[in-house]
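Here the structure comes first, spelled out in structure tokens, and everything after it is commentary.
Quick caveat, the model's predicted, so the values are computed rather than measured.
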Amino acid sequence: MEIGYTKWLEEQFSIGANLSYKGYWDTRNTAIKNTKPSSGATAIEINQAFWAKAIEGQDQLRQRMGLALSEIFVISMQDGCGANNSQGASAYFDMLNEKAFGTYRDLLEAVALHPVMGCYLSHLKNQKEDVVSGRVPDENFAREIMQLFSIGLVQLNNDGTPKLNANRQPLETYTAQDISGLAKVFTGWSWDCPEYPADNCFKWGNGGTKGYDPRRWISSMKPYPKFHSTSEKRFLGTVIPATTNPDPRANLKIALDALAKHPNVPPFIGKQLIQRFVTSNPSPAYVSRVSNAFIASNGNLKEVITAVLMDPEARDISMARASPSFGKVKEPILKLSALLRAYTAKSATGSYLIWSTLDAGTGLAQSAFNAPSVFNFFRPAYIAPSTQSAAAGLAAPEMQIMHETSSAAYVNFIHNLLWSGLGAKGYDNLQSVPDVQLEFQRNPASSTITLADLPAVLVEDVNQRLMNGEMPAALKTEIITAINSIDLRSKAKPTAAQATETFLARLRSAILLTMASPEFQVQK
């Protein structure tokens, strides 16, 4: 607000990632092994690194972009490829942050060649076809790089609307033959290895005499021509001729260039970034403007996210208020991060020992990097059945993980946080309180607590911290009335302790009622 949007964006683009996922993982791994040599860091340390970055990081745009990309280019810690190779997964998430403001084409290649993605979508160790045994190349990654990472299922106009055939049906973007042809490109790629390109390196990441390279889940995959398809590769109108001496790297370049230049990419990727940051149902004109920025900048993601955030539809508050279709349901982990940042959460250990929030009955039904499948926690076009938004034909992606159980669990989770704090009670569970505490939990003399002596002033403070001053008057009145009814002071001889207890109860209740409200949970 002090320096303006443009200057703020420039500052955010210039800030490097404040904390490396892998750096956090390595530090915790060393500390854990020093205490218990047979143990070590796991996937939970990546979750803790996420919260350390979300709460303390000043590079918030990069972190939000990294989160959005992780929900498009999905690997999951719920899968053994990520969970069993968590150091490699930490490097994957660092890569997303590093590429967040680069070009889409560079990002696509980094995703395609990361060994954890290679494991997750099974193109690591993918071998060429064999007519004798009947083996064919694995098609999993070829399918998903088109369906989810680049062009989608149907041909799109520049404004994101589907192209239709003569029967008014959407035109498909690719066929089974395109998948088979592209799958051949993704043969012959496997681990980096000290004895590369030995066969055992390709098959096991181990050349035989030098053992496993400890960086094999971190370093980009290497091409192994011996295992790369020699036959013709035909896909999306591109043809790579058959050859007896294949060059996997050259063939990969041809394929990724073709995908990155496909006219579907700008509206397909651009619209999803709009949905992750601004609104679930952007107008075709909004999508078109973002697509144009994508095309004009040759897929420069810095220019694309600037177009997303600076578009008139994103900045016109009066239009947003008036529109029945503008806005989005907030992701659960972003509702939590809003609270933790607004009330200056700190970790006693410095490590943010926050456990997984994945459980729908006790947590948030979402935990960063823990999607149930490559399709993320929710699909971009998801329409919630039997809802008013469905009746209006509106997508509400985040509602795919919102139901009776998760909605109740969310309120209980926030209640427990406000009354006790969040996370483990220290490395050895010996702290008296959970590791992460809000400012008013750490400081009994907090000015935020004393505001509660004036309920209207307190609610306005909550409004500014959590709802950007946009709390509707009716909700504000409802919360003021509720917390006015809370008074734990003795009428005869009130004590200072009773006053503090009263003010804390009012503060916690005001925050809880705000965060439980639909007005907070929907970003307008």
Check this for me, if you would: do [X] and [Y] make a salt bridge, where the nitrogen-to-carboxylate-oxygen distance has to be below 4.0 angstrom?
| X | Y | value |
| --- | --- | --- |
| E109 | R105 | yes |
| D192 | K222 | yes |
| E470 | R321 | yes |
| K476 | E460 | yes |
| R276 | E331 | yes |

First locate atom [atom1] of [X], then atom [atom2] of [Y], and finally report the distance between them rounded to the nearest 0.5 Å.
| X | Y | atom1 | atom2 | value |
| --- | --- | --- | --- | --- |
| T357 | I333 | OG1 | CD1 | 6.5 Å |
| F294 | I269 | CZ | CD1 | 6.5 Å |
| M471 | F520 | CE | CZ | 10.0 Å |
| M65 | S70 | CE | OG | 11.5 Å |
| N97 | L69 | CG | CG | 8.5 Å |

Is the closest side-chain heavy-atom distance between [X] and [Y] below 4.5 Å?
| X | Y | result |
| --- | --- | --- |
| L438 | L418 | yes |
| R62 | Q12 | no |
| L353 | V436 | no |
| F369 | E71 | no |
| F268 | I151 | no |
| Q272 | P380 | yes |

- Message: Pair M399, T387 - check side chain to side chain contact (heavy atoms under 4.5 Å, CB included), show working.
- Response: CA-CA 10 Å; M399 289 189 72; T387 62; 4.2 Å; yes
- May I ask you to establish whether R506 and F503 are in a cation-pi arrangement, using a distance under 6.0 Å from NZ or CZ to the six-membered ring centre and at most 45° from the ring axis? no
- Message: Taking the cut-offs as 6.0 angstrom to the six-membered ring centre and 45 degrees off its axis, would you call K524 and F326 a cation-pi pair?
- Response: no
Taking every non-hydrogen atom, the tightest pair across [X] and [Y]:
| X | Y | result |
| --- | --- | --- |
| A183 | D138 | CB-O, 3.6 Å |
| V185 | L252 | CG1-CA, 3.8 Å |
| M77 | A43 | CE-CB, 3.4 Å |
| S517 | L475 | OG-CD2, 3.7 Å |
| P472 | E519 | CG-CG, 3.7 Å |
| Y174 | G152 | CE2-O, 3.6 Å |

- Query: Knowing that exactly one of W25, W217, Y21 qualifies, which makes a side chain to side chain donor-acceptor pair (under 3.5 Å) with S86?
  - Reply: W25
- Give every residue pair that meets the salt bridge (Lys or Arg N to Asp or Glu O under 4.0 Å) criterion with at least one member in residues 15-36, sequence neighbours excluded. K22-D26
- Message: Within the supplied structure, the quantity of interest is the number of heavy atoms (other residues, nucleotides, ligands) at a distance under 6.0 Å from W355 CH2; does it exceed 12?
- Response: yes
- Query: Who pairs with K328 by side-chain hydrogen bond (donor to acceptor under 3.5 Å, both in side chains), at least two apart in sequence or on another chain?
  - Reply: E398
- Message: F73 and ring pair (Phe, Tyr, Trp, His ring centres under 6.0 Å): which single residue from Y92, Y120, F149 fits?
- Response: F149
- Message: Assess the residue pair L182 and I145 against the criterion (side chain to side chain contact (heavy atoms under 4.5 Å, CB included)); give the C-alpha distance rounded to whole Å, side-chain angles, the decisive distance to 0.1 Å, and a yes or no.
- Response: CA-CA 10 Å; L182 187 58; I145 196 174; 3.8 Å; yes
